[in-house]
Number of protein chains: 2
Amino acid sequence: MNAGQSRTRIQKKNRETILEAALDVFSSEGFRGATLDQIAATAGLSKPNVLYYFSSKEAIYTELLSMLLDTWLDPLREMDGAGDPLDEILDYVKRKLQMSRDFPRESRLFANEIVQGAPRILDQIAGPLRELVDEKAGVIRQWSDEGKIAVLDPYHLIFSIWATTQHYADFDIQVRSILRPEGDAHLDDAMDFLAGFFGRALRPDPD
Amino acid sequence: MNAGQSRTRIQKKNRETILEAALDVFSSEGFRGATLDQIAATAGLSKPNVLYYFSSKEAIYTELLSMLLDTWLDPLREMDGAGDPLDEILDYVKRKLQMSRDFPRESRLFANEIVQGAPRILDQIAGPLRELVDEKAGVIRQWSDEGKIAVLDPYHLIFSIWATTQHYADFDIQVRSILRPEGDAHLDDAMDFLAGFFGRALRPDPD
DNA sequence: AAATTGTTTGACCAATTGGTCAGGAAGACG
DNA sequence: CGTCTTCCTGACCAATTGGTCAAACAATTT
């Protein structure tokens, strides 16, 4: 398949269809657990036709991963060192939880990959992701130094934001088994909880 | 294989060897991704011999899961409604993080299972786990009502403890890629962070 | 030592899986 | 229209996988 730019109308449509189907299958079965037959069936295409658009199962997977990583990091990128510290962090929490609500499959795709040791995305994590985190950790540290928020390790703070928000996508079935919510109502409760929780934890100590 | 009690010396040893090997393989590859050949090779046994002790791949997996779930919930069981509220919760956080350090494979085994929709453990989650959580959430709610800790949704508080502590086992590779720690040193930092974090968040409001 | 029971394995099997290929169907284009 | 390229498929293949089985081998019991 054409590795470069030019794509016909049909190519654009079918590649999109395949990636959408692959997201479905990979996110719920993991790379090894997903089969080309499943992906093809979900996409409504024949298996050879899927392989006409992507050279291999792995090619579909890695394309998905690299396409989605950027989107995934956008909420953190938006955190603005010039804004109000507490608002910026709480807004980040909000955006991240919103992504768990809107893109749970994407979250699970990454979760699957990382739990299994990130064999096909380690470069991206040790590279761009790490750099972004380093940068934003610097911003948070400065806010701490200026007394705008409590003094807390910024890296572990970021981890705790990832963990608490992605939990609602990755462990959705567990959350639902325990809360038995109607639809997504519990995510509003989660947002209230997290706002209160991070708000309290970040409130600066009196001098 | 004998489904009942009586086991010979050799049976005990080999079943244990197989389960240990299976934990290794299942936790890093997921159910579908793991193969009997891998498990047999890791255990140092032949594949038919593995199947002499367990009737199928699935039998190994479900036995592992149900064996480990109890251990997994022990830290929460220990949380004592009669103890000092803040201490009890912080001790729970500590025990849970300790489990991420000591039993990361077990954590990843559950993570894999639950991310993929918990197809073979849903009963356990909707049953015993849910009941335990309901009970402990009641305890926490009471502490809130008595003004001993801040007023926060107890279910989401428990989720946040799970999420933040298990993160260090399940997303270990990501944490390491970002922090580049020597050995497990970062887990001590994580403990300091989480103690400060939960301590601040739970501190009751002045009346 | 013989008989019985428990353990191990090589050889094998059917199903699944990722991937190939020759050729046909359908668009694009002059 | 005819030609050229793109798109699609049935049939096929080799490798892998979960699982079986008869027979050999080792322990234990009598």
Side-chain angles (χ1 to χ4, degrees), chain A residues 1-65 112-113 116 119-120, chain B residues 1-65 112-113 116 119-120:
Chain A
M1 172 81 337
N2 194 340
Q5 314 284 48
S6 57
R7 301 255 159 78
T8 67
R9 171 180 52 89
I10 295 176
Q11 274 170 37
K12 274 185 204 139
K13 185 193 62 173
N14 280 350
R15 286 179 61 96
E16 208 172 317
T17 305
I18 292 168
L19 288 172
E20 163 69 22
L23 174 57
D24 239 62
V25 178
F26 281 132
S27 68
S28 70
E29 312 272 351
F31 176 76
R32 194 99 181 346
T35 72
L36 280 172
D37 289 290
Q38 274 178 289
I39 295 171
T42 306
L45 300 171
S46 70
K47 184 168 65 168
N49 203 12
V50 168
L51 288 166
Y52 173 72
Y53 290 102
F54 291 89
S55 60
S56 67
K57 178 183 168 182
E58 178 134 8
I60 304 176
Y61 187 70
T62 52
E63 169 118 6
L64 253 189
L65 278 181
N112 260 308
E113 172 70 9
Q116 300 187 5
R120 328 170 191 259
Chain B
M1 170 82 336
N2 194 340
Q5 315 283 47
S6 57
R7 300 255 158 79
T8 67
R9 171 180 50 89
I10 296 176
Q11 274 169 36
K12 273 185 205 137
K13 184 191 64 174
N14 280 351
R15 285 179 61 94
E16 207 172 316
T17 306
I18 292 168
L19 288 171
E20 164 68 23
L23 174 57
D24 238 63
V25 178
F26 282 133
S27 68
S28 70
E29 313 272 352
F31 177 76
R32 194 98 183 345
T35 72
L36 281 172
D37 289 289
Q38 273 178 290
I39 295 171
T42 306
L45 299 171
S46 70
K47 185 169 64 169
N49 205 11
V50 168
L51 288 167
Y52 172 72
Y53 290 102
F54 291 88
S55 61
S56 67
K57 178 182 168 183
E58 178 133 8
I60 305 175
Y61 187 72
T62 52
E63 169 118 6
L64 253 189
L65 278 181
N112 260 309
E113 173 70 9
Q116 299 186 6
R120 322 166 196 262

Indicate, with a heavy-atom threshold strictly under 4.0 Å, whether [X] touches base, sugar-phosphate, or nothing.
| X | value |
| --- | --- |
| B:A40 | nothing |
| A:L36 | sugar-phosphate |
| B:A59 | nothing |
| B:I10 | sugar-phosphate |

Looking at [N], I'd like to know if its phosphate oxygens (OP1 or OP2) sit under 4.0 Å from a side-chain N or O belonging to [X].
| X | N | result |
| --- | --- | --- |
| B:N14 | C:dT8 | yes |
| B:S46 | C:dG10 | no |
| B:R9 | C:dG6 | no |
| A:Q11 | D:dT6 | no |
| B:N49 | C:dT7 | no |

Gap separating the CG atom of B:L45 from the CD1 atom of B:I39, nearest 0.5 angstrom: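 Reported to 0.5 Å precision, the distance equals 11.5 Å.
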
Candidates [options] - which lies nearest the side chain of [X]:
| X | options | result |
| --- | --- | --- |
| A:K47 | D:dT28, C:dG19, D:dC7 | C:dG19 |
| B:Y52 | D:dT6, C:dG6, C:dT9 | C:dG6 |
| A:P48 | D:dT6, C:dC21, C:dG10 | C:dC21 |
| A:L51 | C:dG6, D:dT17, C:dT20 | C:dT20 |
| A:S56 | C:dG27, D:dG19, C:dG19 | C:dG19 |

B:E29/A:R32 salt bridge by N-O under 4.0 Å criterion: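 The answer is no: the pair does not qualify as a salt bridge.
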
From [atom1] of [X] over to [atom2] of [N], roughly how many Å is that when rounded to an integer?
| X | N | atom1 | atom2 | value |
| --- | --- | --- | --- | --- |
| A:F26 | C:dG18 | CZ | C1' | 11 Å |
| B:L45 | D:dC25 | CG | C1' | 16 Å |
| B:K12 | D:dA27 | NZ | P | 18 Å |
| B:I39 | D:dG19 | CD1 | P | 10 Å |
| A:R15 | D:dT6 | CZ | P | 15 Å |
| A:Q38 | C:dG18 | CD | C1' | 13 Å |
| B:F54 | D:dT20 | CZ | P | 15 Å |
| B:E58 | D:dG19 | CD | P | 8 Å |

B:G33 vs A:K13, nearer the 5' end of DNA chain D by closest nucleotide: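 The 5'-side residue here is A:K13.
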
Comparing A:R32 and B:G44 on DNA chain C - which has the more 5′ nearest nucleotide: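 That would be B:G44.
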
Closest-nucleotide 5' rank along DNA chain C - winner of B:V50 and A:T35: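 Result of the comparison: B:V50.
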
Would you call [X] and [Y] a side-chain contact if the rule is heavy atoms closer than 4.5 Å?
| X | Y | value |
| --- | --- | --- |
| A:I10 | A:Y53 | yes |
| B:I18 | B:N49 | no |
| A:Q116 | B:S27 | no |

Any N/O donor-acceptor pair, A:K57 side-chain to C:dG19 base, under 3.5 Å: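 Not at all, since no donor on one side and acceptor on the other fall under 3.5 Å apart.
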
Within 45° cone and under 6.0 Å: B:K57 NZ/CZ vs B:F26 ring: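 No, B:K57 and B:F26 do not form such a contact.
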
